[in-house]
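Here's the structure we're looking at; comments come further down.
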Amino acid sequence: MQEKKKTIGVPGLVAAVLCLSSLAGGTGKAGQKQLRFRENGEFKILQVADMHYADGKTTTCEDVFPSQMASCSDLNTTAFVHRMIQAEKPDLVVFTGDNIFGFDATDAAKSLEYAFSPAMSSSIPWAAVLGNHDQESTLSREGVMKHIVSLKHTLSQVNPTGVDFIDGFGNYNLEVHGVEGSGFENKSVLNLYFLDSGDYSTVPSIPGYNWIKPSQQVWFQRTSMKLQRAYMRKPEAQKAPAPGLVYFHIPLPEFASFDSSNFTGVKQEGISSASVNSGFFATMAEAGDVKAVFTGHDHLNDFCGELTGIELCYAGGFGYHAYGKAGWARRARVVVAALEKTQKASWGPVKSIKTWKRLDDHYLTAIDGQVLWSKSTKGARRKKQIGGV
């Protein structure tokens, strides 16, 4: 959507407690940590949308009360990421684009390092996709993604291996295996898909935002099919596919399918999707494994709504240099997948997927707890006003 911008003062990044040079140079895919469920049968994901990081302490905040302006900067965003990691102790942090606000970032590489520093310093695995503003500084979209992949503890990939051509940068998938020692320890029981939803249309007759292209959808279909076949083979052969979660930046046109009667959360602005429908929602529905989609982009929306068995969810605006609404707290989304117990008192496949949001207030207030999917009810939804549903 049309972004608000402020002119910053003297350029330059403020010295941080972390030595960012020590956080660069992560290992490639071969050395990545295998994601798996905890011994308590849970796997927790923290979603951070639209940090809009720029130049640190010299970068002013957008849409906060006048009394907050003097002390508010990008450092408030960094502090919020730290607080969320400390409070929720996630197994994975996912950054869903507009990680930096390129127009106001003097040095894209340094801004990316500062933006992701809380995840890197925590040693928690993290993944990122691109938004429509990440490439507007000193690096191209490919350059931004390549730099992200070089950082410590990231599981991000520039693009999938073994694919001759795919549009965009940051299309990849991650597998989450069952609990170590269980019958599912070598099976992916939760599949995570990440896609580049692009920035702006390059087709002269089609204005506005970009969209997920056929090459990306073919890769998704093939990957989903491969994972489903593996899940349904022995050992522990399953009759239904493992649930999948999908992360990208720009919402699909189908996000406009809801009103206040059939979603959980708030809708305070229009759905800024591409002006054409690429058919990716139908592609996901046909694949049969996707249970929820998570996006950012529209900072004042934070709802989840269910459409033909797939939950479409916004995270809500996170960053303080991003446009927002004074008095409406910045927020983050948490998702927890939980396994079922087997007859042998071991851990089996995923039983349920739940979510809630936390606000950047004094208490990190948890709101809008709901069940996104459960094996027994296949999508039944309920509301609670506490976190950790």
Side-chain angles (χ1 to χ4, degrees), residues 18-48 81-82 84-97 99 112-113 115-130 144-162 169-195 223 226-227 230-231 236 242-248 294 332-339 346-350 353:
L18 299 168
C19 177
L20 294 177
S21 61
S22 70
L23 297 176
T27 58
K29 187 175 181 182
Q32 286 178 352
K33 178 181 179 181
Q34 174 61 60
L35 297 175
R36 66 171 63 253
F37 277 73
R38 304 175 189 173
E39 291 184 359
N40 68 353
E42 291 186 345
F43 187 85
K44 182 182 287 188
I45 302 171
L46 167 63
Q47 181 191 358
V48 175
V81 183
H82 276 298
M84 285 300 304
I85 289 174
Q86 291 167 0
E88 291 289 358
K89 297 176 176 59
D91 301 291
L92 177 70
V93 183
V94 176
F95 298 92
T96 50
N99 308 296
L112 288 164
E113 290 162 19
F116 297 128
S117 63
M120 290 190 283
S121 63
S122 72
S123 300
I124 292 172
W126 60 278
V129 294
L130 302 182
V144 169
M145 204 65 216
K146 283 183 174 179
H147 191 67
I148 288 172
V149 169
S150 76
L151 300 177
K152 280 195 172 181
H153 306 301
T154 189
L155 303 181
S156 307
Q157 298 170 36
V158 175
N159 267 328
T161 57
F169 302 96
N171 303 286
Y172 56 102
N173 70 289
L174 296 174
E175 301 178 10
V176 186
H177 286 201
V179 175
E180 192 169 6
S182 73
F184 290 82
E185 68 175 342
N186 295 318
K187 267 188 184 292
S188 179
V189 296
L190 179 69
N191 294 310
L192 309 178
Y193 303 96
F194 303 86
L195 293 102
T223 304
K226 178 182 177 182
L227 291 167
Y231 191 63
E236 302 289 352
L245 306 179
V246 183
Y247 291 88
F248 50 87
F294 302 95
R333 181 171 292 281
V334 180
V335 171
V336 173
L339 303 177
S346 183
W347 292 111
V350 174
I353 301 171

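Of all heavy-atom pairs between M145 and A128, the closest is CE-O, 3.4 Å. The shortest non-hydrogen separation linking E42 to D91 is O-OD2, 4.1 Å. In terms of heavy-atom proximity, A332 sits nearest to Q47 at CB-O, 3.7 Å. What you find for P349 and F184 is that their closest heavy atoms are CD-CZ, 3.7 Å. Across all their heavy atoms, G183 and S346 have their closest contact at N-OG, 4.4 Å. Minimum heavy-atom separation, P118 to A115: CD-O, 3.5 Å.
Between the CG atom of N159 and the CG atom of N171 there is a distance of 5.0 Å, given to the nearest 0.5 Å. Going from atom CD1 of I124 over to atom NZ of K44 covers 10.0 Å, rounded to the nearest 0.5 Å. For the atom pair E180 CD and E39 CD, the distance stands at 8.0 Å (nearest 0.5 Å). Note that CG of N191 and CG of L35 are 11.0 Å apart. Values are rounded to the nearest 0.5 Å. Expressed to the nearest 0.5 Å, how far OG of S122 lies from NE2 of H153 amounts to 7.5 Å.
The backbone N or O of G178 sits nowhere less than 3.5 Å from a side-chain atom of S182 that would complete a donor-acceptor pair. Between the side chain of S156 and the backbone N or O of V149 there is no donor-acceptor pair closer than 3.5 Å. With hydrogens and angles ignored, the 3.5 Å screen pairs no side-chain donor or acceptor of T154 with any backbone N or O of L151. Remark: the backbone N or O of Y193 is not paired with any side-chain donor or acceptor of N173 at under 3.5 angstrom. Side-chain atoms of R36 come within 3.5 Å of backbone N or O of E185 as a donor-acceptor pair. Not one N or O on the side chain of N99 forms a donor-acceptor pair closer than 3.5 Å with the backbone of V48. The backbone N or O of G181 lies less than 3.5 Å from no partner atom in the side chain of W347, so there is not a single donor-acceptor pair.
The aromatic rings of Y247 and F194 sit parallel to each other, their planes meeting at less than 30°, with 60° as the upper class boundary. Note on ring orientation: taking the six-membered ring where Trp is involved, the planes of F37 and F43 are tilted (angle from 30° to 60°).
R38 has its side chain out of reach of V179: every pair of non-hydrogen atoms, C-beta onward, lies at least 4.5 Å apart. Inter-residue side-chain proximity for P90 and V334 is flagged as unmet; no heavy-atom pair is nearer than 4.5 Å. Between I45 and L245, some side-chain heavy-atom pair lies under the 4.5 Å cut-off.
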Report the C-alpha separation of I148 and L130 in whole Å, then their side-chain angles, then the decisive distance to 0.1 Å, and conclude whether the side chain to side chain contact (heavy atoms under 4.5 Å, CB included) test is met. CA-CA 10 Å; I148 288 172; L130 302 182; 4.0 Å; yes
Apply side chain to side chain contact (heavy atoms under 4.5 Å, CB included) to residues S123 and K152 and explain how you reach the verdict. CA-CA 8 Å; S123 300; K152 280 195 172 181; over 6 Å; no
Apply side chain to side chain contact (heavy atoms under 4.5 Å, CB included) to residues L192 and L92 and explain how you reach the verdict. CA-CA 11 Å; L192 309 178; L92 177 70; 3.5 Å; yes
Test side chain to side chain contact (heavy atoms under 4.5 Å, CB included) on L46 and E88; report intermediate values, then the result. CA-CA 8 Å; L46 167 63; E88 291 289 358; 5.5 Å; no
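Between K187 and E236, no side-chain nitrogen of the basic residue sits less than 4.0 Å from a carboxylate oxygen of the acidic one, so the salt-bridge criterion is not met.
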